[in-house]
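Below, chains carry the letters A, B, ... as their sequence lines are ordered, and counting in each starts from 1.
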Protein chains: 2
Amino acid sequence: MESQTPVGRKITLNDIAAGCGVSRATVSLVLRGSPLVNKVTRARVEEELRKQGYVYNRAAANLRRRTSSSVALVINELANPFFAEFAAGVDETLGTAGFVTLLGSTGDSAEREHAVLGSLIEHGPGGIILSPAEDSEARKVLAAVGTHTPVVLFNRELGGELPEYAHWDRLMLDNERGARQATEHLIAQGHRRIAFFGGHDHASSTRQRHAGYLQAMQAAGLTVEPQWRVQSTPTRTDAARSAGALFEGSGTAPTAAVCYNDAVALGLMLGLHQHGRQAGRDFAVTGFDDIAEASMSMPSLTTLSTAPRARGRQAAEMLLARLRDPQAPSGTIIAPVELVVRESSCPLS
Amino acid sequence: MESQTPVGRKITLNDIAAGCGVSRATVSLVLRGSPLVNKVTRARVEEELRKQGYVYNRAAANLRRRTSSSVALVINELANPFFAEFAAGVDETLGTAGFVTLLGSTGDSAEREHAVLGSLIEHGPGGIILSPAEDSEARKVLAAVGTHTPVVLFNRELGGELPEYAHWDRLMLDNERGARQATEHLIAQGHRRIAFFGGHDHASSTRQRHAGYLQAMQAAGLTVEPQWRVQSTPTRTDAARSAGALFEGSGTAPTAAVCYNDAVALGLMLGLHQHGRQAGRDFAVTGFDDIAEASMSMPSLTTLSTAPRARGRQAAEMLLARLRDPQAPSGTIIAPVELVVRESSCPLS
DNA sequence: AGGCGAAATTAGAACGATTCAAATCTATTA
DNA sequence: TAATAGATTTGAATCGTTCTAATTTCGCCT
């Protein structure tokens, strides 16, 4: 075996060329599998590549060819399993397409998002997949990424107006229909007094889900009492704290609730306890997202599956398509969500 | 306001230089904040940079300076919240140090790991943080990354021998002690028939945890039945599927289980249901990792806190230190873990 | 032998930045 | 006024690859 020297300079095309008495250009052709080069030369070069332990310098190649082999993935909260799954899906698809993923995590801060985008863009990604921070604004994002790099937005809309020349693609979830399905399911279970619980109405996703809920209620000819809308931070703890609001006042108490998402639903189930009700027995609950925990809670949670890993793959596909054809009209995909019925959405007792 | 042209070529130093009648070299100096350049020239150049919307091409700079501004992060299972947190920590620290994270996810397959490393290395990362796949081998990893790129291993040892010239750093968890503590806790709760559940014995982390478990059992003078060792893929679903194996055969069934990690523990709790047991009431369970979900599951999970985000920051620090001083002797850090007692480790009933 | 087309190879200029040595420009001072 | 030190600026080479256009090599035919 050759002396795989543990230390030394990096090997370049020149080293290989010199090593087997051929020109740099020829070696380059061999590397890229060109049919131009003679069988025996190719063998000789390949042997030398192996022997010297050559590793391709893609950055140099990209510079020369004015291409890119990377895509930036900017996630508002990587620690959230929903987004981690999404990221895994993105990376999987990009990887098989020969792209490498530049990761950026913003901790849901628009300021940090701006810095992260600014840093990533300098590495010349071919495109960007962005799941915006809660308070992210179109104008600032555009300033950071410029107009040369295609963007796929995931999950959230940006605040403010985006100039019409920046035609970015979007991948959103079908919030409206999902919430409608959940509501229809509860109605089919016999419930008539159904609340919409959690989230803040200034967020686009919350508004969409609430709208779906209202549609289903109206379609069924059911009236909605004002105290059946309880807002909360989309976290488990705040949801648990806010549960009591459903049962205050003189109006009729609801027997079921469509929740903004799974975290809120799990929190509500916890909070119901303190108000003498038990989710899945005398109060029905639905969530949104189908996080891993949803299937494991007690009772298990009826929710809307969003298949985050598949969404990741899809977002990557959208970006790859855009790179293939930069002129194609930009589009928005609303990914369907699927109702998963479990124990928490019990019939009206 | 200047016409922020929505489309056009990419702006280079040449454009800026031409744009304000100065040489490329001067613009470069301005960019890097050199004190050499005259105040008024600097202002003129900066104005031009802004006006033309220049974006720095770090790849070109890296090529010329023979430097790198990226670090590869290769994770065996990104969808696992433990690793997602770890990744977030790594990215956070690398980001503030001016590095960008190249992400790679291997799905715990050594084969895919090899491919991913091969692809990432071509992008010339300054270093690699690797959480190896279960069956990853030192020899193959070394072949993929070469000897020019420093590596920090996280969480698992590689199979086989690593040549002595490859001095890689390590960040490991105190698996043995953690599992011992969990086991001792269960014994203190009155349990005598305790299983070790999940993971595959060919992975170093599994072996270490299993060893800690055995130590505690032996120290307490307890015997261990062979069917109390159930292996599984370290995922929730496979764990749920394998739960039944604990209760098969003619031997005495265990009343508690030390699990390889939280994902497996959560899966086991699910699987227990289908075998007529309920975790936290008539069967005690412990996990490992303390993922966010552990505190929120029903019952909440007794586990070993590993502070994955802090580990991520630490791994990044180790790599940065290594980049600062490539000659420093390589080291291994064994991070302590802390037992967090919650509901799942109920006393023997 | 010479000629010819096809096949194989290569020289050298890019790509967009950095860097060093050298050139130019300002003040100052003798 | 010329010389000189210091402050600025710049020309040209370079990083490792690709690519075009040109050149060399080769087999084959007359």
Lys/Arg-Asp/Glu bridge criterion (N-O < 4.0 Å) met for Glu47(B), Arg50(B): yes
Among dG16(D), dT10(C), dA17(C), the one nearest Ala25(A) by side-chain distance: dT10(C)
Sugar-phosphate, base or nothing in reach of Arg32(A), heavy atoms under 4.0 Å: sugar-phosphate
Leu31(A) side chain reached by Leu49(A) side chain, heavy atoms, under 4.5 Å: yes
Below 4.0 Å: OP1/OP2 of dC19(D) and any side-chain N or O of Arg24(A): no
Side chain of Tyr54(A) - closest among dA17(C), dT17(D), dG12(C): dT17(D)
Residue pair Glu48(B) / Lys51(B), side-chain heavy-atom distance below 4.5 Å: yes
Under-4.0 Å side-chain N/O to phosphate OP1/OP2 contact, Arg65(B) with dT19(C): yes
Side-chain donor/acceptor of Asp169(A) to backbone N/O of Gly331(A), under 3.5 Å: yes
Side chain to side chain contact (heavy atoms under 4.5 Å, CB included) evaluation trace for Asp15(A) with Tyr54(A): CA-CA 9 Å; Asp15(A) 300 309; Tyr54(A) 171 80; over 6 Å; no
Report, one pair per line, the protein and nucleotides 6-9 of chain C atoms (nitrogen or oxygen only) whose separation is under 3.5 Å.
unit_1	atom_1	unit_2	atom_2	d
dT9(C)	OP1	Thr41(A)	OG1	2.5
dT9(C)	OP2	Asn38(A)	N	3.0

Short side-chain donor-acceptor distance under 3.5 Å, Ser131(A) and Asn155(A): no
Residue Leu13(B), side-chain heavy atoms: nucleotide from dT17(D), dG16(D), dA17(C) that is nearest: dA17(C)
Global bending angle along the helix from dA1(C)-dT30(D) to dA30(C)-dT1(D), which compares the axes of five pairs at either end, to 10 degrees: 80°
Sugar-phosphate, base or nothing in reach of Ala61(B), heavy atoms under 4.0 Å: sugar-phosphate
Of Ser68(B), Ser69(B), Ser70(B), the residue whose pairing with Asn62(B) passes side chain to side chain donor-acceptor pair (under 3.5 Å): Ser69(B)
Euclidean distance, atom CZ of residue Arg64(B) to atom P of dA14(C) [Å, nearest integer]: 18 Å
Qualifying side-chain hydrogen bond (donor to acceptor under 3.5 Å, both in side chains) pairs with a residue from residues 111-120 of chain B, counting only residues at least two apart or across chains: Glu113(B)-Ser136(B)
Protein-nucleotide distance (Leu63(A), atom CG; dT17(D), atom P), rounded to Å: 12 Å
Lys/Arg-Asp/Glu bridge criterion (N-O < 4.0 Å) met for Asp135(A), Lys140(A): no
Side-chain N or O of Ser28(B) closer than 4.0 Å to phosphate OP1/OP2 of dT18(C): yes
Distance in angstrom units between Gln52(A) CD and dG16(D) P, rounded: 13 Å
Between dA17(C) (C1') and Arg58(B) (CZ): distance, integer Å: 12 Å
